[in-house]
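All ligand and atom numbering here is 1-based and tracks the order in the structure. What's counted below: heavy atoms across the whole structure, side chains too, no hydrogens, waters or symmetry copies.
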Amino acid sequence: MTQPHPAPHTLPLPPRPEARPGDEGAASPLDTLPVLARAYGDMVLIGRTEQGAPMCLVSDPKLIEFIHVQTGRLFDKGYQNVPINTLLFGNGLVTSEGDFWLRQRRMVQPAFHRERIQAYGAVMVDAARRYVEGVRPGETRDVHSDMMHLTLDIITKTLFDLEMGERAEPFERAMNDMFEADVVLRTALRGGEENPGAFAAFQDATSRIDRFVADIIRERRAQGGEDRGDLLSTLLAAQDDERRGMTDQQLLDEAKNLIMAGHETTANTLTWAWWLLSRHPEAEKRLHEELGRELGGRVPTLADLPRLTYTNRVIQEAMRVIPPVWTVGRRAKTDMELGGFFIPAGTALIMSQWVVHHDPRWYDVPEEFQPERWAGDLEKHNPRYAFFPFGGGPRVCIGENFARMEAPLLLATIASRHAVRVLPEPPVEIEAAITLRPRHGLRATFEPRGPGTA
Ligand code: HEM
């Protein structure tokens, strides 16, 4: 279907819109990208990267599958061209390429084997139970900030076997500062501007995060690196084919990658699930009925997950309607033909979960939150990459199984005890940062629910 093209100039370039909708104002890409895809088709040129390469939005699931599967051979990520990505992720799994990436992936993968992460189910439920116990009935809280705390607690416990305790505060502050500066910086970059103040704040926050993680690695090396059942134990013991382990710098980068990639994504999945449930009382009622029936007031365990079918569908549908990762990008390594068009080497191919998950070719009334749509054979009928919240191919999310455990377990534990009622103010606005997050947080009151309450 697609190959390095022998006579590229015989093919047309993908269409380039005269003017992008919203060019005249600061329209969100969440509004403009679907409009462009529907108007111009599955391949459309949407601008240029910071390095001046053409940027093409690809919305055909078959092409998206091809690009994911051929990553490494015909495509690379090209993320290291963006300096803030390197500051954020170092040379870890998210940004690295080629043989270096493959070696690292092979060393980190065992930490995510199903059996290894099974034990983390109890850590997840335990953290959610403690959270629920700390919520006062009728209290108003920022659910987004709560979910961020909760998933950060869980990733630090499962990664470092560390109860955050008094160490938590400076680390959480550094993480918050980093996320805030990151949003400001990326917005400035999209507008072609620089923001030295935000860059300095970003550098300061990332170096505080580095120091925190480096201290933990040093302590663990000093303790002889024994297996404490956490992810770091596996990383400390990992060896490549030549029986070489990771250097401290590599460990630092990989640990940071797991924290960065693994905590905000799941927190946002849950935040959006609460928001969507709050707007769809009939779905919330079905969720509560299932939890009452299957759990009868006790906290869930991992063994309950296969029976919590509606709970899982709520998470699945929340990731469809508001995918936490809303675009992934690849770079064409050579001139090629793709979807009948000529793609010059260096072109950035943007694939957007937001665009594809809202495509009426794959989903009836795509804007509607309908967890029950996953009950039938939707997945069998749709092309495989009509739903790709975790990406795919060799660079598929390494934490997918972890997240697919964590999100429903937290939802079930919290929803068993509380109905989360989102307040009308401040209005909820979806901000397109690296992930989709609520710009002003998510204010909600917590109404207690007893065992068996529907
Ligand atoms: C709902 C939660 C999550 C979502 C939606 C998500 C989504 C994604 C996506 C789309 C990618 C592929 C990016 C690309 O192809 O360019 C990815 C990669 C990655 N994710 Fe996740 N993720 C989630 C949770 C996690 C968790 C819990 C962890 C770790 C604990 C994690 C660690 C990573 C890492 C390290 C990569 C890079 C893998 C590689 O390139 O080898 N993610 N994630």
Side-chain angles (χ1 to χ4, degrees), residues 58 64-65 67-72 75-80 82 85 88-98 100-109 111-113 116-117 120 123-124 147-148 150-152 154-160 230-232 234-235 253-273 312 315-316 318-331 348-354 356-357 385 387-411 434-437:
V58 181
I64 294 174
E65 175 168 13
I67 296 167
H68 274 88
V69 171
Q70 292 296 330
T71 295
F75 307 94
D76 62 19
K77 290 184 84 168
Y79 285 16
Q80 286 167 331
V82 183
N85 282 341
L88 202 56
F89 296 108
N91 202 20
L93 276 185
V94 174
T95 47
S96 58
E97 307 267 17
F100 185 84
W101 165 78
L102 186 61
R103 173 179 181 267
Q104 290 300 108
R105 177 90 189 197
R106 286 190 179 142
M107 288 210 272
V108 179
Q109 191 75 55
F112 286 92
H113 278 164
R116 183 86 190 175
I117 62 171
Y120 302 150
V123 174
M124 293 163 180
M147 294 302 112
M148 290 285 276
L150 194 50
T151 56
L152 187 59
I154 290 169
I155 193 72
T156 45
K157 174 74 184 162
T158 50
L159 183 57
F160 301 132
D230 58 2
L231 297 167
L232 185 60
T234 323
L235 302 189
D253 284 353
E254 296 308 355
K256 268 190 346 181
N257 273 245
L258 298 178
I259 298 172
M260 308 283 183
H263 116 267
E264 205 207 4
T265 40
T266 315
N268 289 348
T269 303
L270 285 160
T271 303
W272 294 123
N312 283 308
I315 295 295
Q316 179 94 338
M319 288 196 294
R320 183 191 68 79
V321 179
I322 313 183
V325 174
W326 63 285
T327 58
V328 291
R330 295 292 186 267
R331 188 171 57 175
L349 300 159
I350 309 296
M351 299 160 283
S352 168
Q353 287 87 346
W354 173 264
V356 177
H357 292 187
Y385 279 66
F387 184 69
F388 63 116
F390 295 99
R395 305 295 297 245
V396 68
C397 176
I398 206 167
E400 175 171 357
N401 289 334
F402 187 102
R404 284 192 182 276
M405 256 166 67
E406 183 178 19
L409 282 177
L410 299 195
L411 189 79
I434 300 193
T435 58
L436 296 184
R437 48 186 355 233

Tell me, which protein N/O/S atoms are under 2.8 Å away from atom 21 (Fe) of ligand 1?
->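 Correct list: C397 SG.
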
So if I count the atoms of ligand 1 from 1 in the order they appear, which ones are less than 4.0 Å from some heavy atom of [X]?
{"X": "F402", "result": "27 (C)"}
{"X": "W101", "result": "39 (C), 40 (O), 41 (O)"}
{"X": "T266", "result": "2 (C)"}
{"X": "P389", "result": "5 (C), 7 (C), 10 (C)"}
{"X": "T269", "result": "1 (C)"}
{"X": "P324", "result": "5 (C)"}

Measure the distances from the heavy atoms of [X] to every atom of ligand 1 and state whether one is below 4.0 angstrom.
{"X": "L159", "answer": "no"}
{"X": "R330", "answer": "yes"}
{"X": "N257", "answer": "no"}
{"X": "F388", "answer": "no"}

Distance-minimising heavy-atom pair for [X] and [Y]:
{"X": "M124", "Y": "L410", "result": "O-CD2, 3.4 Å"}
{"X": "A111", "Y": "L235", "result": "CB-CD2, 4.5 Å"}
{"X": "M260", "Y": "L88", "result": "CE-O, 4.0 Å"}

Looking at [atom], what's its closest protein heavy atom, distance included?
{"atom": "atom 12 (C) of ligand 1", "result": "R395 O, 3.7 Å"}
{"atom": "atom 13 (C) of ligand 1", "result": "V328 CG1, 3.7 Å"}
{"atom": "atom 36 (C) of ligand 1", "result": "V94 CG2, 4.0 Å"}
{"atom": "atom 38 (C) of ligand 1", "result": "R105 NH1, 3.3 Å"}

If you round to the nearest 0.5 Å, how far is [atom2] of [Y] from [atom1] of [X]?
{"X": "N91", "Y": "W101", "atom1": "CG", "atom2": "CH2", "value": "13.0 Å"}
{"X": "E65", "Y": "Q70", "atom1": "CD", "atom2": "CD", "value": "10.5 Å"}
{"X": "T156", "Y": "L231", "atom1": "OG1", "atom2": "CG", "value": "11.0 Å"}
{"X": "K77", "Y": "R330", "atom1": "NZ", "atom2": "CZ", "value": "5.5 Å"}
{"X": "E406", "Y": "T266", "atom1": "CD", "atom2": "OG1", "value": "4.5 Å"}
{"X": "W272", "Y": "R437", "atom1": "CH2", "atom2": "CZ", "value": "10.0 Å"}

E406 contact mode with ligand 1 (heavy-atom cut-off under 4.0 Å) = neither

Using a distance-only test with no angle check, is there a side-chain donor-acceptor pair under 3.5 angstrom linking N268 and T435?
->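 Side chains of N268 and T435: pair found under 3.5 Å.
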
With atom 30 (C) of ligand 1 as the reference point, say which of I155, V108, L102, N268 has the nearest heavy atom.
->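 Ranked by closest heavy atom to atom 30 (C) of ligand 1, first place is I155.
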
Any donor-acceptor pair under 3.5 Å linking the side chain of [X] with the backbone of [Y]?
{"X": "R116", "Y": "D230", "value": "yes"}
{"X": "T234", "Y": "V108", "value": "no"}
{"X": "R320", "Y": "H357", "value": "yes"}

Is the F112 ring parallel, tilted or perpendicular to the F402 ring (thresholds 30°, 60°)?
->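 Plane angle over 60°, so perpendicular.
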
